[in-house]
There are 2 protein chains.
Amino acid sequence: MSPGLFDTLLLVTHLLRQDLARTFDGTPLTEARVAVLWVLQTVGPSTQQQVAAALEVTPRNVSALVDALEASGHVRRTPHPTDRRAVRLELTPAAGELMARMQVEHAEVEAALRDSVAPGDREAFERGLDAVAERLQELVAAAYPDAEAGS
Amino acid sequence: MSPGLFDTLLLVTHLLRQDLARTFDGTPLTEARVAVLWVLQTVGPSTQQQVAAALEVTPRNVSALVDALEASGHVRRTPHPTDRRAVRLELTPAAGELMARMQVEHAEVEAALRDSVAPGDREAFERGLDAVAERLQELVAAAYPDAEAGS
DNA sequence: TATTGTTATACTCTATAACTATA
DNA sequence: TATAGTTATAGAGTATAACAATA
């Protein structure tokens, strides 16, 4: 009661984002750029349109992010095999390894967070968290009737 | 288990931030500017240095935010009573009312989120959330040994 | 000498609008 | 005509460095 549900959630927010923007291998990757790499790692080679849709961001924005990621050697633009308007984005081998390690590390963090909850509280905790997420989604949808529902 | 604790937390993060950046009274306030107003509302009139420290942001950044908030009529710069180098920031009456309503609305959101958790799960949920926040703080502190501990 | 806030400069993320090349 | 990506332009947040006025 005392620290406030809101405050705790915001603290978690803050810490999670800090963790997500982590620097790997001395390469200072920003959160937005890691988000692009994450899409490519999880769904495989994609067009910029697909990345833009996945991140809910304008295609123009993806162009800029990919420019930077290409310059830093994380992403390659190759010709799309069937559509000559489109670009095929793929991770470089080094970036692929980086993301693989990042996936492992995130799994470890997730496990550590689960372990931090007392065993007897875990099920109730997860049910509660899901309920809060769902309710928040409803509240946001009510506040922004025009916006789409995708996360 | 299936959606992933991480993903759910990130969804909540996303939704909370969306809610926090809400537009009030047709005034499009950004998250960063609301953060400044929030400090002034909760700790009262402050210097820019104090706001910068509270937000963990450079004083230069606060100058820019206050410039914008002054132009939009939310904040006033008045002479500091004892230190002529410093500026005393205070909310305008309209912004004060705005922030008061915002506090009420946040309390309502907090109550709605609490209500969304099944009564039998509430205590375990809150214990679990606190534990996760604490563990996350440890993990971040370990990853960034140099950074300060403030939220 | 140290502190408060500013000007100067730069980088990043994001958006809209207009344009080119291709479907 | 519609779509993929680009150039052009703009606003917002953030940072460092140098500087003025004041302590």
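Below, all heavy atoms of this structure are taken into account, side chains as well, without hydrogens, waters or symmetry copies. Numbered from 1 within each chain, the chains take letters A, B, ... in sequence-line order.
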Open item on the list: Main chain of B/V117, side chain of B/R122: is a donor-acceptor contact present, judged purely on distance under 3.5 Å?
Closed with: yes
Open item on the list: Measure CG/A/D83 against P/D/dA2 and give the value in whole Å, please.
Closed with: 17 Å
TODO: Determine the minimum heavy-atom distance between B/Q50 and B/T47, stating which atoms define it.
DONE: OE1-N, 2.8 Å
Task: Atom-pair distance (CD on A/E70; C1' on D/dT6), nearest Å - done: 13 Å
Open item on the list: Closest approach to the side chain of B/S63, judged atom by atom: which nucleotide of D/dG5, C/dC13, C/dT6 is it?
Closed with: C/dT6
Open item on the list: Can you say whether a donor on the side chain of A/R85 sits under 3.5 Å from an acceptor on the base of D/dT3, or the other way round?
Closed with: yes
Task: Any A/V36 side-chain heavy atom under 4.5 Å of A/L55 side chain - done: yes
Task: Separation of D/dT6 P from A/L89 CG (nearest whole Å) - done: 9 Å
TODO: Compare all side-chain heavy atoms of B/L29 with those of B/L98 and state whether any distance is below 4.5 angstrom.
DONE: yes
- [ ] Mind calculating the distance between NE2 (A/H80) and P (D/dA4) to the nearest angstrom?
- [x] 10 Å
Open item on the list: Strictly below 4.0 Å: does B/T58 bring a side-chain N or O up to OP1 or OP2 of D/dA15?
Closed with: yes
TODO: Check every strand shown and say whether A/R33 touches a base, only sugar-phosphate, or nothing at a heavy-atom separation below 4.0 Å.
DONE: sugar-phosphate
Task: Of the listed nucleotides C/dT14, C/dT6, D/dT22, the one nearest the side chain of B/Q48 - done: C/dT6
TODO: Write down the distance between CD (B/E31) and C1' (C/dC13), rounded to a whole number of angstrom.
DONE: 13 Å
Task: Proximal nucleotide (of D/dA15, C/dT6, C/dT4) relative to the B/V57 side chain - done: D/dA15
Task: Minimum-distance nucleotide (side-chain atoms of B/R60 versus C/dC13, D/dA17, D/dG13) - done: D/dA17
Task: Pairwise 5' ranking along DNA chain C for B/P59 and A/L65, keeping only the more 5' one - done: B/P59
- [ ] Could you check how far CD of A/Q49 sits from P of D/dA2, rounded to whole Å?
- [x] 15 Å
TODO: Scan B/R77 against the nucleic acid and name what it touches under 4.0 Å (heavy atoms): base, sugar-phosphate only, or nothing.
DONE: sugar-phosphate
Task: Length of the CG-C1' vector between A/L55 and C/dA15, whole Å - done: 15 Å
Task: Parallel, tilted or perpendicular: rings of B/F125 and A/F125 (30°, 60°) - done: parallel
Task: B/A86, nearest nucleotide to its side chain (from D/dA12, D/dG5, C/dT4) - done: C/dT4
TODO: Give the nucleotide from the list D/dG5, D/dA15, C/dT4 with an atom nearest to the side chain of B/N61.
DONE: D/dA15
TODO: Take the protein atom CG of A/L29 and the nucleotide atom C1' of C/dC11, then report the distance between them rounded to whole Å.
DONE: 15 Å
